[in-house]
Q: 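Structure below; questions to follow.
Nothing here was measured: the structure is a model prediction, and the numbers come from that model.
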Amino acid sequence: MPRNFKPFELLVHLLRAACAILLLSTFALAQETSTEPGETEITDSDVFKAPVVVDGDTLFFLRGSSALPATERAERLQTTIVEVAEASENPTVDISFEETDLGIRILADGEIISLVTAADAELEQMELDVLSLLHGEAIEDAIISYRANRTEQALVSGAIEAAAWTFGFVVFSVAILWLYRRIRRRTLKFVKRYLRDVETATAKSVQAEAIDALVRYALNFVLLVIFFVGFYYYLSFVLLAFAETRYFAQLLLTYLTEPALLIFKGIIGYIPNLIMLGLITWVTMYIIKGMRVFFDAVEAGSFDIGDFEKHWINPTFNIARVVVILIALVFAVPYIPGSDSAAFQGLTILVGAMLSLGANSVVSNMLAGLFVIYRRSTSIGDRIQIGDHIGDVVQIKLMETHLKSIKNELISIPNAQLMNSDVVNFSKKTDGSGLLLHTTVGIGYEEPPEKVEAMLIEAANRTNGIKIRPEPFVLWTALADYAINYQINGYTTRGSIIPKIKSDLHRNIVAVFNENNVQIMTPSYMADPPEPKIPAVEWDGHLAHEAHAEIDKS
């Protein structure tokens with residue numbers, strides 16, 4: 001606990017927050033229940049029906065007209081009842097009735113209180129004399145209660161009741177402070193004891209201090225809510241203890257209690273739907289677990305599904321799981337609260353429109369990912385070339401494919417690009433010969449073609465990774481302006497190290513040509529020599545390294 005911690009510091013902050021919220025709610029309530037003079041708005045409910053309320057108790061309803069709206073008529077009657085009640089301290093009141101051409105007039109202590117008309121009787125659907133009698137009894141009870149609630153004895157009783165509620169609220173506040181301090185200490189001990197190990201295991205990716213701050217914030221928020229509810233009801237009950245403030249107390253209680261009761265009743269009424277949602281969820285999870293067991297058995301080889309490849313197992317399981325979840329959602333939507341409301345339907349249409357307008361690339365990549373997974377042209381571990389990128393396939397996702405390049409770089413390629421590009425697969429075997437690796441060199445016309453072909457084949461035979469059988473061969477790809485383009489071709493089954501094999505082949509070509517004093521032409525042109533570029537002598541059929549080998553043997 002900090003040294004400078006004050007016992008009632010939290011209580012002061014909570015009281016300030018609660019008072020601010022209460023003032024805002026009271027201001028909004030006052031605006032709803034009052035209008036400025038000259039700004040009376042007449043609605044259908046104001047014209048035809050309005051309650052008569054005295055000290056927070058509703059006596060009865062009155063009928064109104066366009067000339068005298070029901071609210072104005074009810075306010076006049078409320079004012080008259082209060083005036084008659086305050087005019088005397090007599091604990092009883094004399095109620096009398098007079099019949100007039102307009103209806104039955106009600107008098108209290110000789111003062112005219114109200115006039116019950118035939119329209120009022122029609123509204124209540126009863127006889128006029130019966131309705132006037134009921135109104136008279138309600139007015140009598142209201143006046144007697146009004147006088148009784150303002151006696152000295154009633155004021156003392158209200159003060160005692162308010163003091164009792166105040167004492168209870170003080171005890172409640174002290175309990176909140178005690179819980180705050182105790183829970184805070186327990187939380188700090190828990191965080192230090194258990195989350196330090198989590199921080200060490202995750203290499204400080206999860207900071208114990210951050211979790212501690214979040215937990216303390218959540219506890220403070222819960223305590224603040226509990227305190228505000230307690231303060232709200234404490235203030236309501238204190239106001240309820242006095243007749244002068246009882247009306248506002250009833251308003252406060254109504255504005256908080258009725259929504260809470262409605263929510264509680266809604267939860268209770270929603271229990272059958274909640275049970276159905278639980279059953280749908282349980283069945284869905286059970287089906288998904290069954291599919292997982294089946295696909296695990298397929299992966300282990302317990303089930304043989306023809307040409308179904310192993311790398312299809314996880315994608316197929318994920319697709320089947322999504323389908324099952326979507327079907328479950330179709331069954332669950334009718335049991336979700338508000339699913340049949342116009343707001344829910346409008347939100348569904350909005351989400352669908354957003355997905356259709358903004359998810360074109362996402363959907364195209366997802367569909368392309370399915371084609372990539374199931375078309376068998378590319379598998380994990382294959383060495384492929386897409387455009388300028390060459391690498392090994394390390395992962396095929398629904399949206400993208402990951403390659404590890406020959407430089408050990410991770411390349412992410414969208415599946416839509418993979419579908420729309422030419423893919424060269426160096427790992428797939430089309431026949432037993434393997435891949436045909438090739439490279440081209442330009443040699444001048446003055447060199448014997450047979451010698452050049454023999455040097456290229458010799459360089460291929462020296463290269464590790466190029467097969468001797470089938471034998472390498474040479475093709476003439478072009479008769480250029482100043483050279484013949486020879487292409488050496490050799491078979492290899494090591495598609496994963498093609499760059500290394502081709503590099504060794506180039507090195508061996510240069511070595512063999514240097515040994516035989518043959519120049520590899522470069523793409524440049526100065527001028528024609530005085531003599532034509534044709535072989536000066538016939539090639540004897542032996543390469544330079546063969547002659548050196550015979551001398552070494554002798």
Side-chain angles (χ1 to χ4, degrees), residues 201-203 205-206 288 291-323 325 359-438 463-467 491-505:
T202 57
S205 61
V206 178
I288 292 175
M291 292 192 304
R292 180 74 272 179
V293 172
F294 172 76
F295 282 103
D296 287 342
V298 173
E299 186 175 9
S302 301
F303 292 98
D304 186 12
I305 312 180
D307 296 333
F308 193 84
E309 299 184 6
K310 285 190 174 182
H311 70 273
W312 291 351
I313 293 176
N314 286 332
T316 305
F317 168 72
N318 292 330
I319 294 172
R321 179 172 57 183
V322 170
V323 172
I325 293 174
N360 291 332
S361 60
V362 176
V363 174
S364 62
N365 281 320
M366 291 175 60
L367 294 177
L370 295 178
F371 281 107
V372 170
I373 292 172
Y374 289 101
R375 70 177 183 175
R376 300 189 182 186
S377 61
T378 302
S379 302
I380 295 177
D382 289 352
R383 170 65 62 85
I384 64 174
Q385 178 177 355
I386 304 173
D388 297 332
H389 301 295
I390 300 177
D392 298 324
V393 179
V394 295
Q395 193 174 17
I396 301 177
K397 295 185 176 181
L398 195 61
M399 299 291 295
E400 58 188 1
T401 297
H402 290 172
L403 301 182
K404 186 178 73 173
S405 69
I406 58 178
K407 302 297 183 182
N408 206 27
E409 301 166 336
L410 184 63
I411 303 173
S412 178
I413 299 177
N415 287 330
Q417 179 181 350
L418 192 66
M419 283 290 296
N420 297 326
S421 302
D422 295 332
V423 179
V424 181
N425 194 320
F426 299 109
S427 300
K428 294 292 184 181
K429 296 181 180 179
T430 56
D431 55 33
S433 300
L435 297 172
L436 192 60
L437 186 144
H438 57 85
T463 305
N464 293 329
I466 294 181
K467 299 172 64 175
Y491 290 94
T492 180
T493 56
R494 302 179 182 179
S496 60
I497 58 171
I498 283 180
K500 180 65 170 57
I501 298 174
K502 185 172 286 190
S503 176
D504 293 341
L505 177 61

Q: Rounded to the nearest 0.5 Å, what separates atom CG in L505 from atom CG in L437?
A: 6.5 Å
Q: What's the shortest heavy-atom distance between F317 and I288, and which atoms?
A: CE1-O, 3.8 Å
Q: Roughly how far apart are I411 CD1 and E400 CD, rounded to 0.5 Å?
A: 12.5 Å
Q: Who pairs with R292 by salt bridge (Lys or Arg N to Asp or Glu O under 4.0 Å), at least two apart in sequence or on another chain?
A: D296
Q: Kindly compute the distance separating CD1 (I466) from OG1 (T493), expressed to the nearest 0.5 Å.
A: 11.5 Å
Q: What is the distance from atom CD1 of I413 to atom NE2 of H402, rounded to the nearest 0.5 Å?
A: 9.5 Å
Q: Is the shortest side-chain heavy-atom distance between P499 and R383 below 4.5 Å?
A: yes
Q: Among I384, D382, L410, I390, which residue satisfies the side-chain contact (heavy atoms from CB on, under 4.5 Å) criterion with L403?
A: I384
Q: Minimum heavy-atom separation for I501 to R494, with atom names?
A: CD1-O, 3.8 Å
Q: Once salt bridge (Lys or Arg N to Asp or Glu O under 4.0 Å) is applied, do any residues pair with K404, and if so which ones, sequence neighbours excluded?
A: none
